[in-house]
Amino acid sequence: MKSTLKHVMIKVILITCFASFGAFAQVKHTFKLADSVFLLDNKPFQIISGEMHYPRIPREAWRDRMKMAKAMGLNTIGTYVFWNVHEPQKDQFDFSGNNDIAEFVRIAKEEGLWVLLRPSPYVCAEWEFGGYPFWLQNIKGLQVRSKEAQYLKEYKEYITEIGKRLAPLQINHGGNILMVQVENEYGSYGNDKEYLKINEQLFKDAGFDGVLSTCDPVPALEGGHLAGLLPGVNGIDNPTQIRTLINKYNNGTGPYFVPEWYPAWFDWWGTKHHQVDPKTYANKLDTALKGGISINMYMFHGGTTRGFMNGANYNDSTAYEPQISSYDYDAPLDEAGNATEKFMLFREVIKKNLPTNQILPEVPAAKPAAALPAITFTKSTDIFNLAGKPKLSEKPLTFEALNQPYGFMRYSSTIKGGRKGVIKINELRDYGLVYINKKLAGVLDRRLYQDSLIVNLPAGNVQLDILVENMGRINFGPYLLKNNKGITKNVTFNGKEIKSWKMYPLPFDKIDTQKIQPKVSSQSAAVLKSASFNLTKVADTYLDMRQWGKGLVWVNGHNLGKYWGIGPQQTIYLPAEWLKKGKNEIVVFELLKPEQNTLTSLDKAILNELKNK
């Protein structure tokens, strides 16, 4: 009898607990704007948020990164939504795997975090084409960030698909999305209020019916704000300045919000790794929080821009600047998701600005990292053995004309030899390796304004090949719509145009290792190499590319990103989540040093080592 009674009591307690948990899970919160503060459930709420992007973090690690956010004291995370990730080809949407933004938001809720959602069609973010899908350029007359009808049609279809998945996750529908941002730093691009109003309506039509906001840096607030939406001001942390600016553009009231507060900056190839003094920025954070300012730090955790998703900067006063794959950003949480000195200082600042009864979780221990045994490559094939069926054209065609988003293109033609002269590629986008009879004759680099090469052609008919790499479309500035890739005009020899071209696409969206044979290639052309390695245990590691030239790495089918000996990034982060006990597969595409056959690794990153190459 006692045993039966005991079981009944336990059952009642469990039912009560589960009922309480269910009631908690279904609680609908409210989020409103007051004159000077945000109101969460009608109580003042200070947003302390950090940006991190789901495509830059392995899906398997999303929850761990969010636990780190909680441990630093954040109550919210921010993320962009990336159009080119979700609609890589027109009308082909992808919300699977690492693209499952809705699951990312739901995990944040489970971890007790609110979300700032930034699904603007343009994100900048040091991301390929600022987040726009490449195929928009193939629609004649389409103008992004404008009232042009074709653009608005594609934009509406995209934001509608996003709304289907994310609008139900807004706080006013029982979810954890606090605010949704309309457009993104539009004032740096234009000042058309009618266009912004169309944006607002598109968002509402897609189901985003909660608090909407905009964000702009100080000089662009005038053009980028829209009456009726909360204006956010980027890049500053002086409370008086923030209040003055937002009051000016929000009818004399707040709340006071900085959607992008920068604790550091991003990197591009050939420049020093950007770092700032963590103590200085901890003091800046303290000033903002004490002043009652809500912030979203960009970035809290940068992660890695893998595959071909890095963007580039370019304007009339600077050279073309493609960004590196590491998006470490000198953020509080490093590329691998470990706490830095900046993290610990920020945590102390946040802790002292929280209510006295609020206790932060303990900081999780750093993830283990280890160097792998040296890997030797015994299988290889060069680009001339990778050729599929070519596309033919009198003039060289762009990537876009061939419907190829990213990667490489080999352009091939036959010219008369026995001459010396200058090969000139007009409007090379972006990096070209010139081969004469399958031997490397020289390299041309858009960053350095290189477009011409003096060559001695042997007698007879000569095979001319130009391997062109798309190094990332411009993501910010006046040339956003001048983003075609490949040979975008023509090629001449001593001023005479070369015609009759074969184009061999090398998109590397998937790697066909069957073409990589156990033999040595010519060692005079760009080469694809593969190898396997065995592990008894897995841990984070950093592939040491200092002895290599330029290229990409795949491990177990994951494109880890780009390397280039000029630096500053000299290692490629390989997350433990993508390794496995037993046999692992690695593939390297090497452009400049086809003779290199050994790859080593380290237990730490090298992100600040420049070389003159």
Side-chain angles (χ1 to χ4, degrees), residues 25-33 38-41 47 49 51 53-55 76-88 90-96 99-110 113-123 131-133 136 144-145 147 149-184 186 193-215 225-232 257 259 296:
Q26 296 303 317
V27 167
K28 286 192 176 182
H29 298 273
T30 61
F31 184 71
K32 303 174 184 176
L33 310 182
F38 295 105
L39 294 178
L40 179 61
D41 296 334
I47 297 171
S49 177
E51 187 95 357
H53 300 147
Y54 55 101
T76 307
I77 58 171
T79 185
Y80 282 125
V81 183
F82 300 83
W83 187 352
N84 57 6
V85 161
H86 295 297
E87 195 179 3
K90 180 172 165 52
D91 298 327
Q92 296 177 16
F93 288 93
D94 181 4
F95 293 90
S96 63
N99 299 339
D100 192 349
I101 172 64
E103 181 64 11
F104 182 79
V105 172
R106 284 191 288 265
I107 293 173
K109 183 178 182 181
E110 291 169 7
L113 289 161
W114 304 104
V115 170
L116 301 174
L117 192 70
R118 310 171 76 194
S120 312
Y122 166 77
V123 299
Y132 284 122
L136 288 178
V144 299
R145 311 190 88 175
K147 299 191 294 283
Q150 298 171 103
Y151 169 64
L152 293 179
K153 175 182 176 294
E154 300 300 338
Y155 173 7
K156 181 176 183 178
E157 290 179 5
Y158 156 72
I159 202 67
T160 299
E161 288 293 328
I162 298 299
K164 288 177 185 176
R165 291 157 178 84
L166 295 176
L169 303 182
Q170 296 171 103
I171 187 170
N172 52 323
H173 295 276
N176 58 323
I177 296 174
L178 290 180
M179 287 197 298
V180 178
Q181 182 182 296
V182 173
E183 248 287 359
N184 184 57
Y186 172 71
K193 302 300 182 184
E194 186 179 348
Y195 165 71
L196 285 175
K197 194 68 181 174
I198 292 171
N199 274 259
E200 179 188 10
Q201 191 58 51
L202 287 173
F203 271 61
K204 289 181 176 179
D205 291 346
F208 293 112
D209 54 359
V211 175
L212 302 179
S213 65
T214 59
C215 89
H225 86 98
L226 181 66
L229 303 189
L230 176 69
F257 178 48
N296 178 49

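Index from 1, following the sequence.
Taking the charged nitrogens against the carboxylate oxygens, Glu194 and Lys197 have no contact shorter than 4.0 Å, which rules out a salt bridge. Note on Glu161 versus Arg165: salt bridge recorded, some NZ/NE/NH1/NH2 to OD/OE distance being below 4.0 Å.
The two residues Ser96 and Asp94 come nearest to each other via the heavy atoms OG-OD1, 2.6 Å. Counting all heavy atoms, side chain and backbone alike, Ile77 lies closest to Leu113 at CG2-CD1, 4.1 Å. Minimum interatomic distance between Leu178 and Val211 (heavy atoms only, all atoms of both residues): O-CB, 4.1 Å. Listed here is the closest heavy atom pair of Ala206 and Ala167: O-CB, 3.8 Å.
Inspection of the Asn184 and Tyr80 side chains reveals an N or O donor paired with an N or O acceptor under 3.5 Å. Under the 3.5 Å distance criterion, with hydrogens and angles disregarded, no donor-acceptor pair is assigned to the side chains of Tyr158 and Tyr132.
Under the 4.5 Å side-chain criterion, counting only non-hydrogen atoms from C-beta, Glu200 is not in contact with Glu183. Within the 4.5 Å cutoff, the side chain of Val182 has no heavy atoms near those of the Leu226 side chain. Side-chain contact between Asn176 and Val105: present, with at least one pair of heavy atoms (C-beta onward) separated by less than 4.5 Å. Residues Pro121 and Tyr151 meet the side-chain proximity criterion, which asks for heavy atoms closer than 4.5 Å. Val180 has its side chain out of reach of Leu166: every pair of non-hydrogen atoms, C-beta onward, lies at least 4.5 Å apart. Between Asn296 and Arg118 there is a side-chain heavy-atom pair separated by less than 4.5 Å.
Note that CD1 of Ile162 and OG1 of Thr160 are 10.0 Å apart. Values are rounded to the nearest 0.5 Å. How far CG of Leu229 is from SG of Cys215: 12.0 Å, rounded to the nearest 0.5 Å. The distance from atom CD of Gln181 to atom OG1 of Thr214, rounded to the nearest 0.5 Å, is 7.5 Å. To the nearest 0.5 Å, the span separating NZ on Lys32 from CG on Leu40 amounts to 11.0 Å. Rounded to the nearest 0.5 angstrom, Trp114 CH2 and Ile47 CD1 are separated by 11.0 Å. Interatomic distance, Asp209 CG to His173 NE2, rounded to the nearest 0.5 Å: 3.5 Å.
Proximity of a side-chain donor or acceptor of Lys193 to a complementary backbone N or O of His225 within less than 3.5 Å is detected. Of the possible donor and acceptor atoms, one in the side chain of Gln170 sits under 3.5 Å from a partner among the backbone N and O of Gly207.
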Apply side-chain contact (heavy atoms from CB on, under 4.5 Å) to residues Lys109 and Leu169 and explain how you reach the verdict. CA-CA 10 Å; Lys109 183 178 182 181; Leu169 303 182; over 6 Å; no
Could you check Glu154 against Trp83 for side-chain contact (heavy atoms from CB on, under 4.5 Å), going step by step and ending with a plain yes or no? CA-CA 11 Å; Glu154 300 300 338; Trp83 187 352; 4.1 Å; yes
Any chance you could lay out the side-chain contact (heavy atoms from CB on, under 4.5 Å) test for Tyr54 and Ile107, step after step, and finish with the verdict? CA-CA 11 Å; Tyr54 55 101; Ile107 293 173; over 6 Å; no
For salt bridge (charged side-chain N to carboxylate O under 4.0 Å, His left out), just list the numbers for Glu157 and Lys153, CA-CA rounded to whole Å, side-chain angles, deciding distance to a tenth of an Å, and then say yes or no. CA-CA 6 Å; Glu157 290 179 5; Lys153 175 182 176 294; 3.0 Å; yes
Tell me, with the steps shown, if Leu39 and Thr30 meet side-chain contact (heavy atoms from CB on, under 4.5 Å). CA-CA 8 Å; Leu39 294 178; Thr30 61; over 6 Å; no
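Between Phe82 and His53, the two ring planes are perpendicular [angle over 60°; tilted spans 30° to 60°]. Using a 30° and 60° split on the angle between ring planes, Tyr155 and Phe203 fall in the perpendicular class, above 60°.
For the side-chain contact (heavy atoms from CB on, under 4.5 Å) with Phe31, the lone residue among Ile171, Asn172, Asp41 that qualifies is Ile171.
Ring to ring, His29 and Phe38 are not that close: their centroids are 6.0 angstrom or more apart.
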